[in-house]
K.L.:
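For reference, the structure I am asking about is given below.
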Amino acid sequence: EPRMKAVVEGLPGLRVLRQDVEEVLFSFLCASCNTVTKISRTMQALEHRYGDPVAEVAGELLRSFPRAGKLAAADEADLRGMLWGYRAPSLLAVARFLKDRGNAWLASLRERSYLDARFELMKLPGIGRKIADCICLFGLGHNEAVPVDTHIRKVATCMFAPQLASCSLTERKYDALASVLRERFGAYAGWAQQYLFCHSRATQVPSLVRKHS
DNA sequence: TGTTGACCTGCCCC
DNA sequence: AGGGGCAGGTCAA
């Protein structure tokens, strides 16, 4: 796959992180119709408000990401003030769900199959295909998960599935696109997704090049 | 099955 | 200065 080779060589050192599942879950839960800048600010606000102090570095108090139990007791209005907007109710519902299930539940999805894990995650409010796939890939180590967001959709459609280009991304089309990548890149399709995603962001981001005066 | 609109909010552009 | 468009989706009609 020569085109993919070029993409990979253009992004030396790119990795797929496997972070704490719970943290991954909440950070992607606030991702819908949001910007990367705002997402990270949202997460910082969450840590600042509900996280436990871990260490002090250079006079700055660092806090852990709050556990679900703590978030479950958060105040909705408070969350909305922290840029959660309409996503606040989902955060609370999911946090309460996780608290009820106990902290082993989420981690146990690592031992399940990718499809099972995704199915379980999609039962939660505010978690659809895309976010479930993000959690599978970045939190559970299911490397065949292929989150299809707007960027991936553009790149992957253009490169591998021009026949799937049409206005809206339906469930069917989402699954078809993900399957195309899985057929092509197998058990590590998620990594291919990561490369394509970064490639897309690095090459076609007009907002970063926009002139100011 | 596919399409449509609502949903919070900050930032960018005109 | 102020309004419209848009951003790493989800859900229900």
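This is a predicted model, so every value here is computed, not measured. So that the names make sense, note that chain A is the first sequence line, chain B the second, and so on, each numbered from 1.
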K.L.:
Are A/Ser90 and A/Leu29 side-chain neighbours, meaning at least one heavy-atom pair lies under 4.5 Å?
P.N.:
yes
K.L.:
For B/dG10 versus C/dC11, give the span between their C1' atoms, rounded off to a whole number of Å.
P.N.:
24 Å
K.L.:
Of the residues in residues 74-92 of chain A, which ones touch DNA chain B at a heavy-atom distance under 4.0 Å?
P.N.:
A/Arg80, A/Leu83, A/Gly85, A/Tyr86, A/Arg87
K.L.:
Is A/Met122 reachable from A/Leu115 through a run of I, L, V, M, F, W or Y residues, each pair having side-chain heavy atoms under 4.5 Å apart?
P.N.:
no
K.L.:
Considering only heavy atoms, which members of residues 30-42 of chain A lie under 4.0 Å from some atom of DNA chain C?
P.N.:
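Within residues 30-42 of chain A, the residues near DNA chain C are A/Ala31, A/Ser32, A/Cys33, A/Asn34, A/Thr35, A/Val36.
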K.L.:
Donor-acceptor pairs are to be reported for all side-chain atoms of residues 93-101 of chain A against protein atoms at under 3.5 Å, with residues two or more places apart or in another chain.
P.N.:
residue : atom : partner : partner atom : Å
A/Arg96 : NE   : A/Ala72 : O            : 3.4

K.L.:
Chain A on DNA chain C: first and last contacting nucleotide, 5' to 3', under 4.0 Å to a heavy atom?
P.N.:
C/dA7 to C/dC11
K.L.:
Are A/Ser179 and A/Glu183 close enough, and set up right, to give a side chain to side chain contact (heavy atoms under 4.5 Å, CB included), and what steps lead you there?
P.N.:
CA-CA 6 Å; A/Ser179 296; A/Glu183 279 156 23; 4.2 Å; yes
K.L.:
Name all residues meeting the ring-ring contact (aromatic ring centres under 6.0 Å, His included) criterion together with A/Tyr50; count only those two or more places apart in sequence or in a different chain, and write none if there are none.
P.N.:
none
K.L.:
Based on Watson-Crick and G-U pairs with both distances under 3.5 Å, what dot-bracket line describes DNA chain B 5' to 3', crossing pairs as [ ] and inter-strand pairs as |?
P.N.:
..|||||.||||||
K.L.:
Are A/His199 and A/Met159 packed together at the side-chain level, in the sense that at least one heavy-atom pair is separated by less than 4.5 angstrom?
P.N.:
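No; the side chains remain at least 4.5 Å from each other.
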K.L.:
I want to check something: taking the side chain as every heavy atom from C-beta on, are A/Val155 and A/Val7 in contact at a cut-off of under 4.5 Å?
P.N.:
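They are not in contact (no side-chain heavy atoms under 4.5 Å apart), so the answer is no.
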K.L.:
Take A/Arg110 and A/Val21 through the test side chain to side chain contact (heavy atoms under 4.5 Å, CB included) and record every step on the way to the result.
P.N.:
CA-CA 9 Å; A/Arg110 190 186 292 280; A/Val21 205; 4.0 Å; yes
K.L.:
Determine the Euclidean distance between corresponding P atoms of C/dC6 and B/dG5; express it in Å to zero decimal places.
P.N.:
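Taking atom P in both B/dG5 and C/dC6, they lie 14 Å apart.
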K.L.:
Counting only non-hydrogen atoms, which of residues 8-22 of chain A are less than 4.0 Å from DNA chain C?
P.N.:
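Output list: empty, so none.
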K.L.:
Tell me which residues in residues 120-128 of chain A put a heavy atom below 4.0 Å from DNA chain B, sorted by number, or none.
P.N.:
none
K.L.:
Strictly by modelled atom types, are A/Ser166 and A/Lys173 linked by a side-chain donor-acceptor pair under 3.5 Å?
P.N.:
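Checked: A/Ser166/A/Lys173 side chains pair up, N/O donor to acceptor below 3.5 Å.
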K.L.:
Let me know the distance between CZ of A/Arg129 and C1' of B/dT1, rounded to the nearest Å.
P.N.:
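The answer, rounded to whole Å, is 12 Å.
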K.L.:
Can you tell me how far P in B/dA6 sits from the matching atom in C/dG4, rounded to whole Å?
P.N.:
14 Å
K.L.:
For DNA chain C, which residues in residues 173-194 of chain A have a heavy atom at a distance below 4.0 Å?
P.N.:
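Output list: empty, so none.
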K.L.:
Of all residues at least two apart in sequence or in a different chain, which pass the side chain to side chain contact (heavy atoms under 4.5 Å, CB included) check with A/Ala88?
P.N.:
A/Glu76, A/Leu79, A/Arg80, A/Trp84
K.L.:
Taking ring-ring contact (aromatic ring centres under 6.0 Å, His included) as the test, write out the residues that go with A/Phe160, two or more places apart.
P.N.:
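Residues passing ring-ring contact (aromatic ring centres under 6.0 Å, His included) with A/Phe160: A/Phe185.
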K.L.:
Side chains of A/Phe65 and A/Met43: does their closest heavy-atom pair fall under 4.5 Å?
P.N.:
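A side-chain contact under 4.5 Å exists here.
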K.L.:
Applying the salt bridge (charged side-chain N to carboxylate O under 4.0 Å, His left out) test to A/Asp175, which of A/Arg118, A/Arg182, A/Lys130 qualifies?
P.N.:
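Per the salt bridge (charged side-chain N to carboxylate O under 4.0 Å, His left out) rule, the option paired with A/Asp175 is A/Arg118, out of A/Arg118, A/Arg182, A/Lys130.
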K.L.:
Considering only distance and modelled atom types, tabulate donor-acceptor pairs under 3.5 Å from the side chains of residues 134-149 of chain A, sequence neighbours left out.
P.N.:
residue  : atom : partner  : partner atom : Å
A/His142 : NE2  : A/Leu109 : O            : 3.1
A/Asn143 : OD1  : A/Trp191 : NE1          : 3.1
A/Asp149 : OD1  : A/His151 : N            : 2.8
A/Asp149 : OD1  : A/Ile152 : N            : 2.8

K.L.:
Once you round to the nearest 0.5 Å, how far does CG of A/Leu71 lie from CG of A/Leu92?
P.N.:
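Going from CG on A/Leu71 over to CG on A/Leu92, the span is 8.5 Å.
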K.L.:
Given side chains that start at C-beta, do those of A/Ser64 and A/Glu47 come closer than 4.5 Å, heavy atoms only?
P.N.:
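When only atoms from C-beta onward are counted, A/Glu47 and A/Ser64 do not touch, as no gap falls below 4.5 Å.
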K.L.:
Are any non-hydrogen side-chain atoms of A/Leu181 and A/Leu196 less than 4.5 angstrom apart?
P.N.:
yes
K.L.:
Respond yes when some side-chain nitrogen or oxygen of A/Ser168 is under 4.0 Å from OP1 or OP2 of B/dT3, and no when none is.
P.N.:
yes
K.L.:
Side chains of A/Leu17 and A/Val24, heavy atoms from C-beta outward: is any pair under 4.5 Å?
P.N.:
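Contact flag for A/Leu17/A/Val24 side chains = no.
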K.L.:
Would you mind checking if A/Asp52 and A/Arg63 are paired as a salt bridge, meaning a charged N to carboxylate O distance below 4.0 Å?
P.N.:
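Result for this pair is no, no salt bridge flagged.
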K.L.:
When rounded to the nearest 0.5 angstrom, what distance separates CG in A/Leu25 from CD1 in A/Ile131?
P.N.:
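Going from the CG atom of A/Leu25 to the CD1 atom of A/Ile131 covers 8.5 Å.
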